[in-house]
Amino acid sequence: MPITVNPFGDKPFNSYNEYFRRTFGTRVQKVSIDAGFTCPNRDGTVSSGGCTYCNNDAFNPSYCHPHKSVTQQIEEGIEFHRFRYRRALKYLAYFQAFSNTHASLSELERIFSQAIKHPDVVGLIIGTRPDCIDNDKLDYIARLAKTHYVMVEYGVESTNENTLKAINRGHTYEQAREAIFTTASKGIRTGAHLIFGLPGESIEEMLERADEISSLPLTTIKFHQLQIVRNTVMADQYLIHPDNFHLFKLEEYIDFIIRFVEKLNPQFIIERFTGEVPPRFLVTPPWGNLRSDQVLNLIIEEMTKRNTWQGKYFRNQ
């Protein structure tokens, strides 16, 4: 049955900021950390070359560098955010770069323990891949989750197996699905990341994905429109065959993401609707240099005009 009334109050979606306020009672800021991990599709474990769209330099903050200790990166990150976000009183150590469970259990224990010992850190967000996790690692993370806020965030990117092969993910959607269910079953908050606009995927196919994604036991979800980033395999592909790519125009993406979110499980916390890369890294021009928060405001404005909200047409399976 369609949801006939917006259940989210002032916003037309399940807001990440509001979720944190409910969870912590105050603003909480993520501090990114590059702990020196790599990926199994870079180091030869599964493949080499990495995902075709990926250039980690495009989203790593300036204070992140693996030659610095975890503690030093946290300290510098807190200083950085104290200047920009003065209301933040608590911090989450965000292990963002590459695959942050692609190491032995003893190495993970050493790295993560440095973060949770910091007095201003209340928890961890661990970005990783579904093929970089196992029961021993998840049992350790589940123990941490009993005393700290812990989220494991999986790069799913697409549910289309042909797409995953084409972008050299090196894992299947079924592996992602299994990892998400196993992680959530251990009482660990679980997140997912999707990219919209990958080559070969139609608007209708991506919209149909909402039903499948909604069936997963997720706490949070992130959306990211495809951007062509310099110094990537995809950038080379785009320069040779630009007609093989359909990059969203701003108005088109706003319409698409609203239609997707209308079908999305209303229990999911939406962390973000768009990705943002510094313009100097982009092969293709950004949307008039709009920042993600400005695009978010346009999405909210359009959802309000349409009298719609997250999960309005969600089909509870």
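Every value quoted in this text rests on a predicted model; they were computed, and no experiment measured them.
Between the side chain of Gln310 and the backbone N or O of Asn6 there is no donor-acceptor pair closer than 3.5 Å. In terms of modelled atom types and a separation under 3.5 Å, the side chain of Arg169 and the main chain of Gly155 share a donor-acceptor contact. At distances below 3.5 Å, not a single donor-acceptor pair connects side-chain atoms of His65 with backbone N or O atoms of Asp34. With hydrogens and angles ignored, the 3.5 Å screen pairs a side-chain donor or acceptor of Ser214 with a backbone N or O of Asn265. The closest donor-acceptor contact from the side chain of Asn100 to the backbone of Gly127 lies under 3.5 Å. Judged purely by atom type and a 3.5 angstrom limit, Gln175 has no side-chain atom pairing as donor or acceptor with the backbone of Asp131. When atom types are taken as modelled, the side chain of Ser99 and the backbone of Thr101 share no donor-acceptor pair closer than 3.5 angstrom. Side-chain atoms of Asn41 do not come within 3.5 Å of backbone N or O of Ser48 as any donor-acceptor pair. Side chain of Lys90 to main chain of Gly25: no donor-acceptor pair is present (N/O by atom type, distance under 3.5 Å, no hydrogens or angles). Counting only distance, with no hydrogens or angles, the side chain of Thr190 and the backbone of Ile188 share a donor-acceptor pair below 3.5 Å.
The neighbour count for Glu252 CD, taken as heavy atoms of other residues, nucleotides or ligands under 6.0 Å away, is above 12. In this structure, Asp10 places its CG atom where only 12 or fewer heavy-atom neighbours from other residues, nucleotides or ligands lie under 6.0 Å away.
Expressed to the nearest 0.5 Å, how far CD1 of Ile228 lies from CE of Met234 amounts to 5.5 Å. The structure places NZ of Lys305 at 13.5 Å from CD1 of Ile300, a figure rounded to the nearest 0.5 Å. One distance of note links CG of Asn56 with SG of Cys54; it measures 4.5 Å at 0.5 Å rounding. Within the model, atoms CG of Leu92 and OH of Tyr149 stand 6.5 Å from one another, a figure rounded to the nearest 0.5 Å. The CD1 atom of Ile203 lies 6.0 Å from the CZ atom of Phe256; values are rounded to the nearest 0.5 Å. Distance check: Asn168 CG to His171 NE2 gives 10.5 Å after rounding to the nearest 0.5 Å.
Salt bridge Glu18/Arg22: absent, no basic N to carboxylate O contact under 4.0 Å. By the 4.0 Å N-to-carboxylate-O rule, Glu157 lies too far from Arg129 to be salt-bridged with it. A salt bridge does not link Arg143 with Asp139: none of the charged nitrogens is closer than 4.0 Å to a carboxylate oxygen. One finds a salt bridge joining Arg209 and Glu201 here, because a Lys/Arg side-chain nitrogen approaches an Asp/Glu carboxylate oxygen to under 4.0 Å. Salt-bridge annotation for Arg280 and Asp57: absent, with no side-chain N of the basic residue lying under 4.0 Å from a carboxylate O of the acidic one. Taking a cutoff of 4.0 Å between a charged side-chain nitrogen and a carboxylate oxygen, Arg315 and Asp211 qualify as a salt bridge.
Classified by interplanar angle (parallel below 30°, tilted 30° to 60°, perpendicular above 60°), the ring pair Phe20/Tyr16 is tilted. In this pair, His224 and His193 present their aromatic rings perpendicular. The plane angle is above 60°, beyond the 30 to 60° band. Ring planes of Phe245 and Tyr238: perpendicular class, angle over 60° (limits at 30 and 60°).
Ser215 has its side chain within reach of Arg177: a pair of non-hydrogen atoms, C-beta onward, lies under 4.5 Å apart. Within the 4.5 Å cutoff, the side chain of Arg110 has heavy atoms near those of the Gln114 side chain. Considering only heavy atoms from C-beta on, Leu218 stays 4.5 Å or farther from Arg189 through its side chain. Taking the side chain as every heavy atom from C-beta outward, Val31 and Gln73 never approach each other to under 4.5 Å. Within the 4.5 Å cutoff, the side chain of Ile180 has no heavy atoms near those of the Val152 side chain. Side-chain contact between Cys51 and Arg42 is absent, with no heavy atoms from C-beta onward closer than 4.5 Å. A heavy-atom distance below 4.5 Å is found between the side chains of Glu302 and Ile258. Counting only heavy atoms from C-beta outward, the side chains of Met303 and Val261 approach each other to under 4.5 Å.
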Which donor-acceptor pairs under 3.5 Å do the side chains of residues 282-290 make with protein atoms, sequence neighbours left out?
| residue | atom | partner | partner atom | Å |
| --- | --- | --- | --- | --- |
| Trp287 | NE1 | Phe248 | O | 3.0 |

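Ring-centre distance between Phe13 and Phe8: not below the 6.0 Å cut-off. In this structure, Phe260 has its ring center under 6.0 Å from that of Phe223. In summary, the aromatic rings of Phe80 and Tyr63 are positioned with their centroids under 6.0 Å apart. For Phe112 and Phe95, the gap between ring centers is short of 6.0 Å.
Checked by atom type, the side-chain pair Asp43/Thr45 shows a donor-acceptor distance below 3.5 Å. Side-chain contact check for Glu153 and Tyr94: at least one donor-acceptor pair (N or O, by modelled atom type) lies under 3.5 Å. Looking only at atom types and distance, the side chain of Ser69 has no donor-acceptor partner in the side chain of Thr71 under 3.5 Å away. In the model, Thr183 has a side-chain atom that pairs as donor or acceptor with a side-chain atom of Tyr154 under 3.5 Å. Checking Glu262 against Thr308 by side-chain atom types alone, a donor-acceptor pair falls below 3.5 Å.
Among all heavy-atom pairs drawn from Cys132 and Lys137, the shortest one is O-NZ, 3.8 Å.
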Query - side chain to side chain donor-acceptor pair (under 3.5 Å) assessment of Ser32 paired with Gln96 - result: CA-CA 6 Å; Ser32 294; Gln96 179 180 20; 2.9 Å; yes
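Not a single side chain to side chain donor-acceptor pair (under 3.5 Å) links Glu208 to another residue, sequence neighbours left out.
A cation-pi contact, defined as under 6.0 Å to the ring centre and within 45° of the axis, is absent between Lys263 and Tyr313.
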